[in-house]
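See below for the structure under consideration.
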Amino acid sequence: MKKRLLTLLLTLGSMLLPTVMLAEARKEVSPQEASIYPFHLTQALIAKRASGQTTRGTGIYLGKGTFLTAAHNLTNERGQLWSGQTIHTYNAQGTEIFHTGSSAKPYYLSTSYSGYEDLKNDLALIQVESSLGLPTDKQELKLAVYLEPQKLLGKTVSTMGFSSLTRPPYTQASGKIIRVEADGTLTADLGLVQENSGSPVFLNGEIIGIITAVTEECQGQSICHQATITPLTKDLKERVLDKFKLGVRLVN
């Protein structure tokens, strides 16, 4: 696989990984920014499994009890959901905001998602319950599907995400979309670090996709300078987002 996912699967030994010092590629989300829209809706995601392994990523609360993230944060390499896992999300202050509740099926993936190499379908919704924070009965965010992704070339997009490997853990970046790849994903010239998988990507105040991977240029580096974006598509809208009747604008 030419692209590397931006999730970190933690084992006991991984707790010894060094802290990454931020470069110009990303900058801190200030405490003031972290408390306002839409920064307060983006949260660190921790998926805990019965085996004791933990997957760390990022996601964003869309309202209506739904949390958007990358599908690979929740599955094995073949795209199969881990059984018995629970999800907890945390804000910039480390306060738990949401968790999976009593729903028998809290996870919603595209039926086409086939695993780690299937980046164009690497998107998931989680049905969550409120813990100590945001209400689950409101929708505040706008989403957009660009039916002609070539029109996104040269557009400046922004993203924000969490990583336990950086200090501070909540950072942001912006950059231009530089390529539409053969698989339908987008490549953007913006900085990333592990655990940013599932971070929202904004254009003109609307979510147009999520961060899922980096390109070959990031091999062996702590902070990467090009990101793979899984864009929202009409297919993902119909197969995943429409299950919760989320409002999605189609852009010709």
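Keep in mind the model is a prediction, meaning the values are calculated, not measured.
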Looking at [Y], is its backbone amide N or carbonyl O close enough to the side chain of [X] to form a donor-acceptor pair, meaning the two atoms are under 3.5 Å apart?
{"X": "N76", "Y": "G79", "answer": "yes"}
{"X": "E195", "Y": "S164", "answer": "yes"}
{"X": "R249", "Y": "A144", "answer": "no"}
{"X": "R78", "Y": "G115", "answer": "no"}
{"X": "S199", "Y": "T159", "answer": "no"}

message: Is there a side-chain contact (heavy atoms from CB on, under 4.5 Å) between S112 and N121? Walk through the geometry before answering.
response: CA-CA 7 Å; S112 300; N121 290 307; 3.8 Å; yes
- prompt: Yes or no on side-chain contact (heavy atoms from CB on, under 4.5 Å) for D122 and L5, after CA distance, side-chain angles and deciding distance?
  reply: CA-CA 10 Å; D122 193 356; L5 302 178; 4.3 Å; yes
Write down the atom of [X], the atom of [Y], and the distance for their closest heavy-atom approach.
{"X": "A34", "Y": "V29", "answer": "N-CG1, 3.8 Å"}
{"X": "P200", "Y": "I207", "answer": "CB-CD1, 4.2 Å"}
{"X": "A47", "Y": "N73", "answer": "CB-O, 4.0 Å"}
{"X": "K155", "Y": "K151", "answer": "CE-O, 3.5 Å"}
{"X": "L119", "Y": "T230", "answer": "O-OG1, 2.6 Å"}
{"X": "S110", "Y": "L236", "answer": "CB-CD2, 4.0 Å"}

Output the distance between atom [atom1] ([X]) and atom [atom2] ([Y]), rounded to the nearest 0.5 Å.
{"X": "L147", "Y": "K234", "atom1": "CG", "atom2": "NZ", "answer": "7.0 Å"}
{"X": "T66", "Y": "Y108", "atom1": "OG1", "atom2": "OH", "answer": "10.5 Å"}
{"X": "Q93", "Y": "Y170", "atom1": "CD", "atom2": "OH", "answer": "10.0 Å"}
{"X": "N252", "Y": "E148", "atom1": "CG", "atom2": "CD", "answer": "7.0 Å"}
{"X": "I210", "Y": "T228", "atom1": "CD1", "atom2": "OG1", "answer": "11.5 Å"}
{"X": "Q85", "Y": "T75", "atom1": "CD", "atom2": "OG1", "answer": "8.5 Å"}

message: If you apply the rule side-chain hydrogen bond (donor to acceptor under 3.5 Å, both in side chains), what do you find for E181 with T187, and how did you get there?
response: CA-CA 7 Å; E181 306 292 353; T187 297; 2.5 Å; yes
Heavy-atom distance under 4.5 Å between the side chains of [X] and [Y], does that happen here?
{"X": "S35", "Y": "H40", "result": "no"}
{"X": "E129", "Y": "S103", "result": "no"}
{"X": "F162", "Y": "L45", "result": "no"}
{"X": "R26", "Y": "H225", "result": "no"}

query: Could K120 and D183 be called an ion pair, given the rule that one side-chain N must be under 4.0 Å from one carboxylate O?
result: no
Assess, by modelled atom type and distance only, whether the side chains of [X] and [Y] contain a donor and an acceptor separated by less than 3.5 Å.
{"X": "N204", "Y": "E206", "value": "no"}
{"X": "E33", "Y": "Q172", "value": "yes"}
{"X": "Q43", "Y": "T58", "value": "no"}
{"X": "H72", "Y": "T212", "value": "no"}
{"X": "R49", "Y": "T55", "value": "yes"}

message: Evaluate F202 against I60 for side-chain contact (heavy atoms from CB on, under 4.5 Å), listing each step before the verdict.
response: CA-CA 12 Å; F202 285 89; I60 187 163; 3.9 Å; yes
message: Applying side-chain contact (heavy atoms from CB on, under 4.5 Å) to Y90 and I46, what does each step give before you reach the verdict?
response: CA-CA 8 Å; Y90 300 84; I46 299 180; 3.9 Å; yes
query: Are L190 and I178 connected in the hydrophobic side-chain network, where two residues link if heavy atoms are under 4.5 Å apart?
result: no
task: Carefully, step by step, assess D189 and K176 under the rule salt bridge (Lys or Arg N to Asp or Glu O under 4.0 Å).
output: CA-CA 5 Å; D189 189 14; K176 294 184 182 297; over 6 Å; no
message: Under the ring-ring contact (aromatic ring centres under 6.0 Å, His included) test against Y61, which residue among Y37, F67, F98 passes?
response: F98
- prompt: Which of these, L232, L186, L250, L203, sits in a side chain to side chain contact (heavy atoms under 4.5 Å, CB included) with Y146?
  reply: L203
